[in-house]
Amino acid sequence: MKIDRVYYNGVIRTMVSEGDTVEALAVHNGTIVAAGTSKEMRAIDACEYVDLQGRSVLPGFADTHMHLFHDCMGRITPNLSGCHSIPEILSLLEQRKGSIKPGQWLTAENMHLEFLKEGRFPNCDELDSVSSEIPICIGSFCHHVHVLNSAALALAGIDASFQPMVADHVGRFDDGRPDGVVREVVYPEHVDPVIPRMSLQECVDAVHEHLQYCSSLGLTQLEVNQEDGPFGARLYTEMRRQKGLPCHLTLNWYPEYPNVRGLVTGFGDDDLKLGAIKMLTDGGIGSAGALMLEDYENPVGTRGECNYTQEELDELVKTAYDAGHDVSIHAIGDAANDMVLTAFERAYDPAVGDARRFYFVHATLVSDTFIERAAKIPCVIAIQPVWLENFVNFGELRLGKERANRLFQIKDMMDAGLIVAGGTDAPVCTVNPFYGVECAVTRQAVGRDDVTLGADQAISVYRAVEMVTKNAAYWCSEEHRKGTLEVGKLADFIVLDRDIFAIDPKLIHETQVQLTVLNGDVVFERA
């Protein structure tokens, strides 16, 4: 019997162990059926032989936490990351205003508070100077803060009488009127639902194009939140029917949605499946919303906030875990991470073991006891090293020097035996995984060497690649199918224009993917 394809003459790092390489892979029905030397593999009867031309090959990369629909929309809407003042924001919105059709909103993303010379977000009156008739909504880079004009506030039902669950989640003028600034859950619960959406077909076309872009960056697996988009899992099911999926997708979902069908984590197949139940405990450090054990350095007198009491979180986690789900929780501050760990410890059943897993999303700052405790239960940490791109700008300002240098304790976690996976949280940061690999190694922002945060937490290139390959596969409970290049696993791999293990780590972000192979088939080839 002929197999489908042999890829030969490559420097293929299998990631089974450090330094393990082969020259060639034989692929059939999307799976690696043999691996070895080029001579050995070329002796196998195949329908096609592909010469890798001596280039570097790695397993396909995964992003264990990103917002696919929002990242797609962020490439369509105006980007505020280059604005350094409120007038610059207003000018950009003014330029865009003329293209807005009746009934549409004017939206923009990636506003950075620390870049604005005024030291504050714009307010609704200032956005009204652009238009008081077109609804306007602009978001911060971390997506924990949004600013609305008066038209958008009215459509969202946010007026002087509006009472959010947490008072500070709606900013107010001295006279009690909402000033347009809304934080945390106010946006997804009250604003996002009233923003007009594209049709299902428009979403399919736009997101599929964005997935092709992700594939060109070497991504073969994405962990996404299905509620980010207006059509949930239907969007990706329809996309697969019409166009196919350029990446494997795992869909996390929120416990607030009733699960009357009894579906649990793992339902689906290699290409499209249900992931963990997702929860959100605190806000971001940039907005001083992450829950801390000690006061922020700036603003003084605050320790952030939490969406749950410990008892509420315990009940949510145990209910989801006992129902058969993996549980994934956003926690950034050290107090929030301790709360989540306590809830995980209380829910954990040793008889289940690692068949059901707990996931920390971010674990940006952790307490002195966190790592030792976390190593005792089947939990996985998803950290976004590329966040250093933002934290070099405000980490020390918000937390002080000592805590800023304890951010992202990747090395300590790995040394303690914890499995640490990587991601980007796109569109908070670029979805390009090579940026995160570089940041994990250098502990600096790409292209900058003026600020290094936590130099003692820098890891090797091999460990950084582990985060987005074999460790990421464990995050998805798919270590038996993905993450390394060995017999029996899916033929998901990428061919690079350079060997990132042999170059200056500060140049890793320049890496270009020449070929992306998914299920044994080429889904991207650079011209």
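Values below: every heavy atom of this structure, side chains too, minus hydrogens, waters and symmetry copies.
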Where do Val340 and Ile329 come nearest, in terms of heavy atoms and distance?
CG2-CG2, 3.6 Å
Between Val186 and Pro164 the two heavy atoms that sit nearest each other are CG2-CB, 4.1 Å
Could you walk me through whether Phe173 and Asn123 pass the side chain to side chain contact (heavy atoms under 4.5 Å, CB included) check?
CA-CA 9 Å; Phe173 292 116; Asn123 59 48; 3.9 Å; yes
Do His210 and Phe69 have their ring centres less than 6.0 Å from each other?
no
Atom [atom1] in [X], atom [atom2] in [Y]: separation rounded to 0.5 Å?
| X | Y | atom1 | atom2 | value |
| --- | --- | --- | --- | --- |
| Leu68 | Leu251 | CG | CG | 9.5 Å |
| Leu58 | Asp492 | CG | CG | 13.0 Å |
| Ile377 | Arg346 | CD1 | CZ | 12.0 Å |
| Met66 | Cys429 | CE | SG | 12.0 Å |
| Thr309 | Glu315 | OG1 | CD | 9.0 Å |
| Leu153 | His190 | CG | NE2 | 12.5 Å |

Any side-chain heavy-atom pair from [X] and [Y] closer than 4.5 angstrom?
| X | Y | answer |
| --- | --- | --- |
| Phe394 | Ile285 | yes |
| Val145 | Glu184 | no |
| Thr302 | Asp295 | no |
| Leu272 | Arg240 | yes |
| Val366 | Gln409 | yes |
| Leu127 | Cys137 | no |
| Asp326 | Ser477 | yes |
| His70 | Glu109 | no |

Would Thr364 and Phe408 satisfy side chain to side chain contact (heavy atoms under 4.5 Å, CB included), going step by step from the backbone distance to the final call?
CA-CA 5 Å; Thr364 310; Phe408 315 112; 3.5 Å; yes
Trace of the side chain to side chain contact (heavy atoms under 4.5 Å, CB included) decision for Val431 with Leu219
CA-CA 9 Å; Val431 75; Leu219 289 163; 3.9 Å; yes
Checking [X] side chain against [Y] main chain: does a donor-acceptor pair fall under 3.5 Å?
| X | Y | value |
| --- | --- | --- |
| Glu223 | Cys476 | no |
| Thr265 | Gly275 | yes |
| Glu438 | His509 | yes |
| Asp282 | Gly333 | yes |
| Asn307 | Leu280 | yes |
| Asn337 | Leu365 | yes |
| Asn252 | Ala276 | yes |
| Tyr435 | Ala445 | no |
| Asn405 | Lys401 | yes |
| Arg403 | Glu294 | yes |

Check step by step if side chain to side chain contact (heavy atoms under 4.5 Å, CB included) holds for Ile158 and Val191.
CA-CA 9 Å; Ile158 300 173; Val191 181; 4.2 Å; yes
Criterion salt bridge (charged side-chain N to carboxylate O under 4.0 Å, His left out) on Lys318 and Asp349, from CA distance to verdict:
CA-CA 10 Å; Lys318 183 167 178 53; Asp349 181 355; over 6 Å; no
Report the residue from Asn432, Thr424, Thr220 that forms a side-chain hydrogen bond (donor to acceptor under 3.5 Å, both in side chains) with Asp63.
Thr424
Option from Arg481, His248, Lys482 for which side-chain hydrogen bond (donor to acceptor under 3.5 Å, both in side chains) with Asp270 holds:
Arg481
For Asp368, does the CG atom sit with more than 12 other heavy atoms under 6.0 Å from it, leaving out its own atoms?
no
Could you verify whether a donor N or O on one side chain and an acceptor N or O on the other, from [X] and [Y], lie under 3.5 Å apart?
| X | Y | result |
| --- | --- | --- |
| Gln457 | Asp412 | yes |
| Ser367 | Asp334 | no |
| Lys489 | Thr484 | yes |

Sort out for me which residue in Phe360, Tyr321, Tyr359, Phe370 forms a ring pair (Phe, Tyr, Trp, His ring centres under 6.0 Å) with Phe344.
Phe360
Does this structure show an ion pair linking [X] with [Y], if we count only N-O contacts that are shorter than 4.0 Å?
| X | Y | value |
| --- | --- | --- |
| Arg357 | Glu479 | yes |
| Lys273 | Glu478 | yes |
| Glu297 | Arg398 | no |

Ring-plane angle category for Phe358 and Tyr348, please: parallel below 30°, perpendicular beyond 60°, tilted otherwise.
perpendicular
Kindly assign one of parallel, tilted or perpendicular to the pair His330 and His144, based on the angle between their ring planes and the thresholds 30° and 60°.
tilted
Check step by step if salt bridge (charged side-chain N to carboxylate O under 4.0 Å, His left out) holds for Glu238 and Arg234.
CA-CA 6 Å; Glu238 184 64 21; Arg234 183 185 176 193; 5.6 Å; no
Donor-acceptor pairs under 3.5 angstrom involving side-chain atoms of residues 378-392: please list them, not counting sequence neighbours.
unit_1: Gln384; atom_1: OE1; unit_2: His362; atom_2: ND1; d: 2.6
unit_1: Gln384; atom_1: NE2; unit_2: Ala382; atom_2: O; d: 3.2
unit_1: Glu389; atom_1: OE2; unit_2: Val446; atom_2: N; d: 2.4

Show which side-chain atoms of residues 461-468 pair as donor or acceptor with protein atoms under 3.5 Å away, not counting sequence neighbours.
unit_1: Tyr462; atom_1: OH; unit_2: Glu18; atom_2: N; d: 3.2
unit_1: Arg463; atom_1: NH1; unit_2: Asp415; atom_2: OD1; d: 3.0
unit_1: Arg463; atom_1: NH2; unit_2: Asp415; atom_2: OD1; d: 3.0

Can you list everything that forms a ring pair (Phe, Tyr, Trp, His ring centres under 6.0 Å) with Phe434? Sequence neighbours excluded, please.
Phe61
Any chance you could lay out the side chain to side chain donor-acceptor pair (under 3.5 Å) test for Arg448 and Asn393, step after step, and finish with the verdict?
CA-CA 11 Å; Arg448 290 179 56 181; Asn393 297 310; 2.9 Å; yes
